**Q** 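This structure is in structure tokens; I'll ask about it shortly.
Remember, it's a predicted structure, so these values are computed and weren't measured experimentally. Here is how names work: the chains are called A, B, and so on, in the same order as the sequence lines, proteins then strands, and each is numbered from 1. All values below were derived from every heavy atom in this structure, side-chain atoms included, with hydrogens, water molecules and symmetry-related copies excluded.
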Protein chains: 2
Amino acid sequence: MQIAHSALTQKLSAFVVLSDTDLDTLARFHRRRRSFAAGHSLIHEGQNHKSAFILAEGWACSYKMLPDGERQIVGIQIAGDFLGLRSILFRTSDHSLEAVTRIEASEVLASDILDSFAQAPRLATAVLWAASRDEAMVVEHLVNLGRRSAEMRMAHFLLELRARLKLVGIGDASGFDCPLTQYHLADILGLSAVHVNRVLRHLREDGLVTFQKGRVMFHDIAALGTLAGFDPDYLDQDGPLLR
Amino acid sequence: MQIAHSALTQKLSAFVVLSDTDLDTLARFHRRRRSFAAGHSLIHEGQNHKSAFILAEGWACSYKMLPDGERQIVGIQIAGDFLGLRSILFRTSDHSLEAVTRIEASEVLASDILDSFAQAPRLATAVLWAASRDEAMVVEHLVNLGRRSAEMRMAHFLLELRARLKLVGIGDASGFDCPLTQYHLADILGLSAVHVNRVLRHLREDGLVTFQKGRVMFHDIAALGTLAGFDPDYLDQDGPLLR
DNA sequence: CGATAGTTTGAACTGACTCAAAACCCGTGG
DNA sequence: CCACGGGTTTTGAGTCAGTTCAAACTATCG
């Protein structure tokens, strides 16, 4: 029941309508449920991992550390997202991954996924779509870091998060609850924590967004979108396109 | 003959040893050979594309434009790389793509690739590996923009290029020919063209690399690697790992 | 109620930018 | 063979967005 309507199912439905076979195969991904405490480290860069996870509940982040101790967060994962999918075919994982909040996740083996390509090709395509979408988010993130100002980055990030959370039924028109600290935001946006604070104050004073006490509240989404140059097309999530 | 030893084959062989069936299926990817002039635009962001390309010869780059006319280059593609693979499942492409030099490329349809999953699962895994590797490069690029200084970015980028070119048999121990202008480098590294020039001068004066007259020459790879914090593991290309 | 994690603010500094102008390089056509 | 012109590289001077360092303030939780 709750499996059939898992966050992943909900997300994939933005791409195709899944058949019963698809749903069955998908359900098989959800054996091996695990739960991890906030701050727990699931994947270590440089180690070999034959499995990935599907996040069912809570927030996680993937990141890379630099020799000088700096950290760059590559992406934030929410319910319905894959964790560590990229490097199951690699000798060693190219990134680390830790739980931001307490999380619930299902472990999936490389073979589970590869086998599904033969059994449920439609589902397989949907999984590839999800992976492509993850990559599109990384790409947009890269553009953020390369060519946008601190304020634009913040605005863009918050709007993306809003759209992603909406797709899996989290948050409402006014905003969403967000467990990220300003240190997280700094490591996501390639800024210092101090500057993150100033940027948030600025956006708040301009009546665009408020991020306080673990809640993000939007006051002028249109203006925020213009500021950020946010065009949600790269999320490719405008209703299911049957084919 | 030259098809059997295409750059793509050479690259995929860093991941698995391909069977004859694999090679046959792969050869089928190489019908529909096209050639495009330098500067030609192959893919436009926002347009629908049912096909991708495999680059056989020359250099290309994928990028995104911002509303204010700024450009961020997402990646440079060389022989053996896929062009536009990420968005064949999307409604609209999330990026644009243009030829840096005159290029030769084979057009592949979404169906060619998806069908191959059933026919040649081993090849399919290899293609997925290549896609994962592309994503890993974007991720490393993101870390570059987020947390490294201009000099480190440049050093890192040149070392990555060196490793990638070596895998497909381009360049030698001393360096490689490179058709990129300082404007390209600026749009790749999230810098201004003026600053790119200063950075290159600095690296040259320190006896690390020289980039002049379309040729990159390395003088101290070890020192450059240390400066950049370059660890090639994310390229996952250390010899074929059979399985 | 003390400790620890996170937020907020100020002041001084700096890496990278912008603007501006030369110099160079190379292919083209007269 | 030389002059022209567009693209590219190089250098200088001044500016600014974002940093670092330092400190105070605010939660929250055992």
**Q** For the residue pair B:H184 / B:T181, report whether a side-chain donor-acceptor contact shorter than 3.5 Å exists.
**A** yes

**Q** How bent is the helix from C:dC1-D:dG30 to C:dG30-D:dC1, measuring the angle between the end axes built from five pairs each, rounded to 10°?
**A** 40°

**Q** Check B:R91 with A:D238, please: is the shortest side-chain N to carboxylate O separation under 4.0 Å?
**A** no

**Q** C:dC25 P sits how many Å from B:Q182 CD, rounded?
**A** 13 Å

**Q** State which of C:dT7, D:dT10, C:dA16 makes the closest approach to the side chain of B:R204.
**A** D:dT10

**Q** Starting at CZ of B:R147 and ending at P of D:dG18, how long is that distance when rounded to a whole Å?
**A** 13 Å

**Q** Output the rounded distance in Å from CD (B:Q212) to P (C:dC24).
**A** 13 Å

**Q** Show the nearest heavy-atom pair for residues A:D81 and A:Q77, with the distance to one decimal.
**A** OD2-CA, 3.5 Å

**Q** Minimum heavy-atom separation for B:S87 to B:T92, with atom names?
**A** CB-O, 4.4 Å

**Q** B:E151 has an atom CD; how far is it from atom P of C:dA16, in whole Å?
**A** 7 Å

**Q** To the nearest Å, how far apart are A:N197 CG and D:dT20 P?
**A** 15 Å

**Q** Any salt bridge between B:R147 and A:D187, counting N to O under 4.0 Å?
**A** yes

**Q** Could you please name the option among C:dT9, C:dA20, C:dA16 that lies closest to any side-chain atom of A:V194?
**A** C:dT9

**Q** Name the residue from B:R164, B:R133, B:R148, B:R153 that meets the salt bridge (charged side-chain N to carboxylate O under 4.0 Å, His left out) definition with B:E140.
**A** B:R148

**Q** First locate atom CZ of B:R102, then atom OG of B:S35, and finally report the distance between them rounded to the nearest 0.5 Å.
**A** 3.5 Å

**Q** Tell me: CG of A:L145 to P of D:dA17, nearest whole Å?
**A** 19 Å

**Q** Judged by modelled atom types alone, do B:E107 and B:S51 share a side-chain donor-acceptor pair under 3.5 Å?
**A** yes

**Q** Can you name the nearest heavy-atom pair linking B:L227 to B:E151, along with the distance?
**A** CD2-O, 4.4 Å

**Q** Given atom CG of B:L203 and atom P of D:dT10, what is their separation to the nearest angstrom?
**A** 13 Å

**Q** So if I apply the salt bridge (charged side-chain N to carboxylate O under 4.0 Å, His left out) rule between B:D177 and each of B:R162, B:K213, B:R215, which one comes out positive?
**A** B:R215

**Q** Between the side chains of A:S106 and A:R34, does any donor sit under 3.5 Å from an acceptor?
**A** no

**Q** Using a cut-off of 4.0 Å between protein heavy atoms and nucleotide atoms, how would you tag nucleotides 24-30 of chain D 5' to 3' with B, S and -?
**A** ----S--

**Q** So which of residues 183-193 of chain A are in contact with DNA chain C, with a heavy-atom cut-off of under 4.0 Å?
**A** A:Y183

**Q** Taking only the side-chain heavy atoms of B:H195 (C-beta and beyond), determine which of C:dA20, C:dT7, C:dC17 contains the nearest atom.
**A** C:dC17

**Q** Is a donor-acceptor contact shorter than 3.5 angstrom present between the side chain of B:R198 and the base of C:dT18?
**A** yes

**Q** Atom CZ of B:R153 to atom C1' of C:dG15: distance rounded to whole Å?
**A** 10 Å

**Q** Any luck finding a side-chain donor-acceptor pair between B:E45 and A:Y234 under 3.5 Å?
**A** no

